[in-house]
Amino acid sequence: MVECACLENKYACKGIAGSNPVPSAIIKNFKVSILNIHEYQAKELFEKYNINTPRGYVTDNAEEVESIINKLNGKAVVKAQVHAGGRGKVGGVKLVNTSDEGKIIAKNLLGSNLVTHQTNKSGVPIEKLLIAETLDIKKELYVSILIDGDLAAPVFIASTEGGMDIEEVAETRPEKIFRIKCDPLIGLTPYLARDLSYKLNIPESSIKQSTNLFINLYKLFIENDCSLVEINPLIITNKEEIIALDAKINIEDDSLFRHKDLEKLYDPNQLDPLEERAISSNLAYVKLDGGEVGCMVNGAGLAMATMDITKKAGANPANFLDIGGSADQNGIEEAFKIITDDNEVKIILVNLFAGIARSDVVAKGIVNAAKETKSSLPIVVTMRGTNADEGLELLKNSNLNITTASDLFEAAKILTKILPTLGD
Amino acid sequence: MSILVDENTKLLIQGLGRDGSFQASKTLEYGTNVVAAVHPGKEGTKFENKVPYFSSVEKAVQKTEANTGVIFVPAPFAMDAIIEQVDAGINLIVCITEGVPVLDMIKIMSYIENKSVRLIGSNCPGLLTPSTKTKVGIIPGNIVRPGNIGVVSRSGTLTYEAIAQLVQNGFGQSTCVGIGGDPVHGTTFTDVLQMFESDKETEAIVLIGEIGGTREQLAAEYIKKHVTKPVVSYIAGQTAPPGKRMGHAGAIITGKAALASEKNTALSNAGVHVVESPSDIGLRMKEVMR
């Protein structure tokens, strides 16, 4: 078996257990997408690729639950459809033994928000439930595929320890995890899939089934430009059938231009409302809980650096925001509004080093948005590069509460000075 | 001397749409030797009455002996453009385009594996050698100065910040190289460090990293073993939360090694002058070079 080099890489197997929506501990460098899809949608895709999933139905109506459970012989698993891991630990996945019980649970879940360790404090809304048959489990396995950036190849990851937190397995029993580097031009060959089946101690009578499943899963991953497919657990039933009990698929957003069908699966309700607004305006924005300094920056690296500066100045950044190089005035205005609509923000730090972007356009956007929203928040600005003088002039003449700094160092100093005066 | 690009660079620009044309214009204005422009349907005409257009890279190389190519074509066509340049025999390919699908990138990496071609990017600002006025990409020509500091970075605008601080503290640059913010990218930190180490003009190095991946650790290992010149480093994203992608596709904490603190420790152990605040890059270089 071609085992990938990351097994020898001492950095590979140190994860932060439980803090991550992906099997982070077992991979070092891969691309994360914004497009998550729901479990029921992932299972529909699985079925298309002949990967067996438990019989089940999706509903947004608690009244339907009774009849669904009766169809499933009176016993079922009710699963909240949300874009967050850790559902089971907070009541998002429930085993029900009667249809009455199912109905009560469905009523409680639908319309509520689920808060897991992967969501922010307000959680994500439960709008749909997947109600699936229960199965006899003989053995639980783990499989996933993702792109390892350092190897520049898809990596197939599998473990005999399914149904558990895979990060924990990677931490405590790394020998239980198998990795295969797949050649990007050749793919997962049948012999590799077969070898993997044997490594996972799959019974002889099911080897053909599992080999096909692994090949189909790889095909699904490639044909849909996934950044992650994960089955945890993949089960072997008492009848030695192999079934994907759970399904997780992330689609790489950079590939969506060739997957219009998948783009339709985008569910904006599962995102933080501010993050959702940013996505529709093409802004890279990440909300951070508990910060008071709203950051507006061009460029991802500089945006992170601006957050770091904020922290060094003794404050907390409220967000990551990269306005990019091609944002127009409307984009800048929306960026400003997204920052100020975050109630925790007390001060705004703008850091622009314009290469492609134009400082005057950014300045106009800030001035317009601040006037329109009647924002009185203090703004600290550094503006350099293309048309910086014009931009600074516009800001100076705006009568807004703006302090300009010549560079990052000075911006940090000003921030430190203003922050204590802001109070709670 | 410098690395990768210099007075021998004969630049071909592929993809002269809105952004590509703007950047091509800036490149000419800066004084770089641009020999060919490749854009379908424009053959027979010239870009700004100076640079001949060609409909294919192969033709352009035959006519102009272009040896370096920069790509501005939109992401869906970036893989095709890179392969076209590889096939036409371009030695150094710089892909500025952002948002190239990762499955395309891994195919490209596999395709170029045993060929004598160097790829920088995708999703990078490119590179620039101030002493020879050679700008391949989007690093603004007006912020750099000729000098002896080599700059290598995963970021774009943060690189400009570092350059500005160097200039403010009296340092020019030998060459500035942006390797890009995607998890799968061509030239790595280690490749560039190796070149800076053997470049006579480079006296010290600035390395700008980010959270995500383990490339900074690999750089640290390389520095420990092979780099004798002083290195000042800054890793962006000390305050980034795990599991959230910070703009760049590669800038995400997916395990302990991806943390800024882990990278700083590795670099520090390799004898690198690590700064924790991005505003200290220039100052620290001044201390180091005193």
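Order of the sequence lines sets the chain letters (A, B, ...), proteins ahead of strands, with each chain counted from 1.
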Contact class of A:Ala153 relative to chain B, heavy atoms under 4.5 angstrom: backbone
Under 4.5 Å from a heavy atom of chain A, the part of B:Asp280 involved: side chain
For B:Thr239, side chain to side chain contact (heavy atoms under 4.5 Å, CB included) partners two or more places apart: A:Met307, A:Asp308, A:Lys311, A:Pro317
For B:Ser110 against A:Asp183, the heavy-atom pair lying closest together: OG-OD1, 4.3 Å
Neighbour count above 12 (heavy atom, 6.0 Å) for A:Lys219 NZ: no
Smallest separation among heavy atoms of B:Pro101 and A:Asp225, with atom names: CB-OD1, 4.3 Å
Considering all heavy atoms, the nearest A:Gly149-B:Val184 contact: CA-CG2, 3.7 Å
Residue selection (most heavy-atom pairs with chain B, distance under 4.5 Å) from A:Asp322, A:Ile309, A:Leu302, A:Leu256: A:Leu302
Neighbour count >12 (heavy atoms, 6.0 Å) for atom NZ, B:Lys115: yes
Top of B:Ile211, B:Ile106, B:Ile208 for chain A proximity - count of heavy-atom pairs under 4.5 angstrom: B:Ile106
Neighbours of chain B found in residues 284-292 of chain A - heavy atoms under 4.5 Å: A:Ala284, A:Val286, A:Leu288
Closest-packed option against chain A by number of heavy-atom pairs under 4.5 Å, given B:Glu161, B:Lys26, B:Gln165, B:Arg18: B:Glu161
Heavy-atom closest pair, residues B:Thr157 and A:Gly299: OG1-CA, 3.3 Å
Part of B:Ile235 lying under 4.5 Å from any heavy atom of chain A: backbone
Closest approach of A:Ala305 to B:Ala236 (non-hydrogen atoms, all atoms of both residues): N-CB, 4.2 Å
Heavy-atom proximity to chain B below 4.5 Å, by part of A:Phe320: side chain
Flag side-chain contact, heavy atom, 4.5 Å: B:Leu103 against A:Glu252: no
Per-residue contact mode, B:Ser155 against chain A (heavy atom under 4.5 angstrom): side chain
For A:Phe353, the option from B:Ile143, B:Leu158, B:Thr159, B:Ile163 that meets side chain to side chain contact (heavy atoms under 4.5 Å, CB included): B:Ile143
Chain B contact via A:Ile222 - which portion, at a heavy-atom distance below 4.5 Å: both
Residue part contacting chain A, namely of B:Gln23, when any heavy atom lies under 4.5 Å: side chain
Per-residue contact mode, B:Met105 against chain A (heavy atom under 4.5 angstrom): neither
Note, B:Pro183 side chain near A:Ile147 side chain (heavy atom, < 4.5 Å): no
NZ/NE/NH1/NH2 to OD/OE distance under 4.0 Å, B:Asp104 and A:Arg258: yes
Residue part contacting chain A, namely of B:Pro140, when any heavy atom lies under 4.5 Å: side chain
Side chain / backbone / both / neither for A:Asn316 at chain B, heavy atoms under 4.5 Å: neither
Least distance between heavy atoms, B:Ala164 atom then A:Arg384 atom: CB-NH1, 4.4 Å
